[in-house]
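This structure is a prediction, so every number in the text was calculated from the model and none was measured. Sequence lines set the chain letters: A, B, ... in the order given, protein chains first and strands last, and positions in each chain run from 1.
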Number of protein chains: 2
Amino acid sequence: MRLSKRGEYALRSLINLGIATKVGRSLVRVTELAKAEDMPVKFLEQVMQQLREAGYVESERGKHGGYRLTKPATKITIGQVVRLIDGPLAPVGCVSQAAYEKCSCPDETHCGLRMLMLDVRNAIAAILDCYTLADVVEVTTRKMVTNGWPLPFSTPGNTPAAVQPGENSGRTRAALTSPSEGVIHQLLGDYAI
Amino acid sequence: MRLSKRGEYALRSLINLGIATKVGRSLVRVTELAKAEDMPVKFLEQVMQQLREAGYVESERGKHGGYRLTKPATKITIGQVVRLIDGPLAPVGCVSQAAYEKCSCPDETHCGLRMLMLDVRNAIAAILDCYTLADVVEVTTRKMVTNGWPLPFSTPGNTPAAVQPGENSGRTRAALTSPSEGVIHQLLGDYAI
DNA sequence: TCGATACTACATTGAATTAATAGGATTTAT
DNA sequence: ATAAATCCTATTAATTCAATGTAGTATCGA
């Protein structure tokens, strides 16, 4: 049930790019992203290219180059990213929505294991397809701001105080099943449905 | 978020051994288990050994040998088996209960990704630690019985009609969070909490 | 006792995936 | 031109996963 390092690095980088956007930094270098989360630079380069090809980020080359998000963080669900990097969320192919594949059991309609794994798949998807990058950025930054911590990637002109709150309101969350419990839901507070 | 083939085969075999117990078959050969779900025999042998070492099954050697469950199916949760074969349920090490490991992020208390993955871990664990092998066996066999199908591993003297229902009642389910939705819960019907 | 059957143990191999590294080519600002 | 960044391709190292092979051992039935 593991998220790969590749997937983890991709999400960490997107989250940091989301934070950078929030504090007014347009471009972030790969070396900065790598340093912020202690990730191997050259490996992260590959991951960023994959994210670029998929349209989540865009790059500028040359001396003052770097990466930025191409779309608002509210439009990127975590599930999309995980599927891109790590493949289907489903534990077994025969319960995958996006990439179904027949399994070896004699009859799927009677397979108890399949039904159980379908529940697992739905539980995972309910969370990962529900929350967006903006939600995770919000959770990450809110606690830092209230603790008076400086946000990463903030330039001298963009102090934490300059961060405008509520940029996340007016959301429409595409919830499949509302994850009515869970730390993310609680931390999101009144922003959540 | 994948369940390995090894884990899948282990669960399939345990389920079939559970069915065999239900229909009065004490021992099932590896070749039978393999044939029933189209699994490679030699690979399954290794998996069965691992299950034996962990105490879930016992074997009898020799001509009429085979495997059987060592404990009642109600005492084996799916989560236990998955952890044994595939390791922690948690997508990332920093949210694992059984096998925590520090991650590379600068501060875990502010890490939004970690909180999200904690929710995922809890959602998975809520299902896999809640349902037992007996539940999955019940779901698998009930539909077969109502459809008039013969159960696998039933010997001439043990027809499906000879299966006594309700052997599963009086359960005490160790639910963490009740999975109030989900196909398994529905199919279990009045047996569920 | 002999032989067939079936599990056990161990060794190895092949394939696939993942993680990381390396080196250079290209682009851009100074 | 030079420095600094992305981009591209290749390679490797490690790990996991799946499967196979071979030899051995226990048991039963004739």
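Taking all atoms of both residues into account, the shortest heavy-atom contact from A:Cys105 to A:Lys102 is O-NZ, 4.1 Å. Closest heavy-atom contact between A:Val137 and A:Gly18: CG2-CA, 4.0 Å.
A donor-acceptor contact closer than 3.5 angstrom is absent between the side chains of A:Arg121 and A:Gln97. For the 3.5 Å distance criterion, the side chains of B:Lys22 and B:Thr141 qualify, holding a donor opposite an acceptor.
Across all strands, B:Arg52 comes closer than 4.0 Å only to sugar-phosphate atoms, never to a base (heavy-atom distances). Heavy atoms of B:Lys5 sit under 4.0 angstrom from primed sugar atoms or phosphate atoms, though from no base atom. Using a 4.0 Å heavy-atom cutoff across all strands shown, B:Glu60 reaches sugar-phosphate atoms only and no base atom.
Straight-line distance from the CD atom of A:Gln50 to the C1' atom of D:dT6: 17 Å, rounded to whole Å. For the pair A:Glu53 CD and D:dT6 C1', the computed distance is 13 Å after rounding to whole Å. The separation between A:Asp38 atom CG and C:dA20 atom C1' is 14 Å, rounded to whole Å. Between B:Arg12 atom CZ and D:dA18 atom P the separation is 13 Å, expressed in whole Å. Residue B:Met48 contributes atom CE, which lies 10 Å from atom P of C:dC7 at whole-angstrom precision. Between B:Met39 atom CE and D:dC17 atom P there is a gap of 18 Å when expressed in whole angstrom units. Distance CG (A:Leu3) to C1' (C:dT18): 13 Å, rounded to an integer number of Å. Atom C1' of nucleotide C:dT28 and atom CD of A:Glu58 are separated by 16 Å, given to the nearest angstrom.
Taking the side chain of A:Pro40 as heavy atoms from C-beta on, and the options C:dT21, C:dA9, D:dC7, the nearest nucleotide is C:dT21. For A:Lys42, whose side chain is taken as the heavy atoms from C-beta onward, the closest listed nucleotide among C:dA20, D:dT6, C:dA22 is C:dA22. Nearest to the side chain of B:Val30, among C:dC7, D:dT6, C:dA19, sits C:dC7.
For the pair A:Met39/A:Phe43, no side-chain contact is recorded, criterion being any heavy-atom separation below 4.5 Å from C-beta on. Using a 4.5 Å heavy-atom threshold, the side chains of B:Arg6 and B:Gln46 count as touching.
Of the side-chain N and O atoms in A:Tyr67, none sit less than 4.0 angstrom from OP1 or OP2 of D:dA5.
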For residues 52-65 of chain A, which side-chain donor-acceptor pairs fall under 3.5 Å, sequence neighbours excluded?
| residue | atom | partner | partner atom | Å |
| --- | --- | --- | --- | --- |
| A:Tyr56 | OH | A:Gln80 | OE1 | 3.3 |
| A:Glu58 | OE2 | A:Arg68 | NH1 | 3.1 |
| A:Glu60 | OE2 | A:Arg68 | NH2 | 3.2 |

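Taking for each of A:Ile85 and B:Gly65 the nucleotide of DNA chain C with the nearest heavy atom, the 5'-most of the two is the partner of B:Gly65.
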Polar atom pairs between nucleotides 10-12 of chain D and protein, under 3.5 Å, N or O only, would you list them?
| residue | atom | partner | partner atom | Å |
| --- | --- | --- | --- | --- |
| D:dA10 | N6 | A:Gln46 | NE2 | 3.3 |

Do any N or O atoms of the protein come closer than 3.5 Å to N or O atoms of nucleotides 24-30 of chain D, and which pairs are they?
none

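Contact check on B:Asp129 versus B:Arg83 returns a salt bridge, with a Lys/Arg side-chain nitrogen under 4.0 Å from an Asp/Glu carboxylate oxygen.
In this structure, OG1 on B:Thr74 lies 12.0 Å from CD on B:Glu138, to the nearest 0.5 angstrom.
By the 6.0 Å contact criterion, NZ on A:Lys35 is open, its count of non-hydrogen atoms from other residues, nucleotides or ligands being 12 or less.
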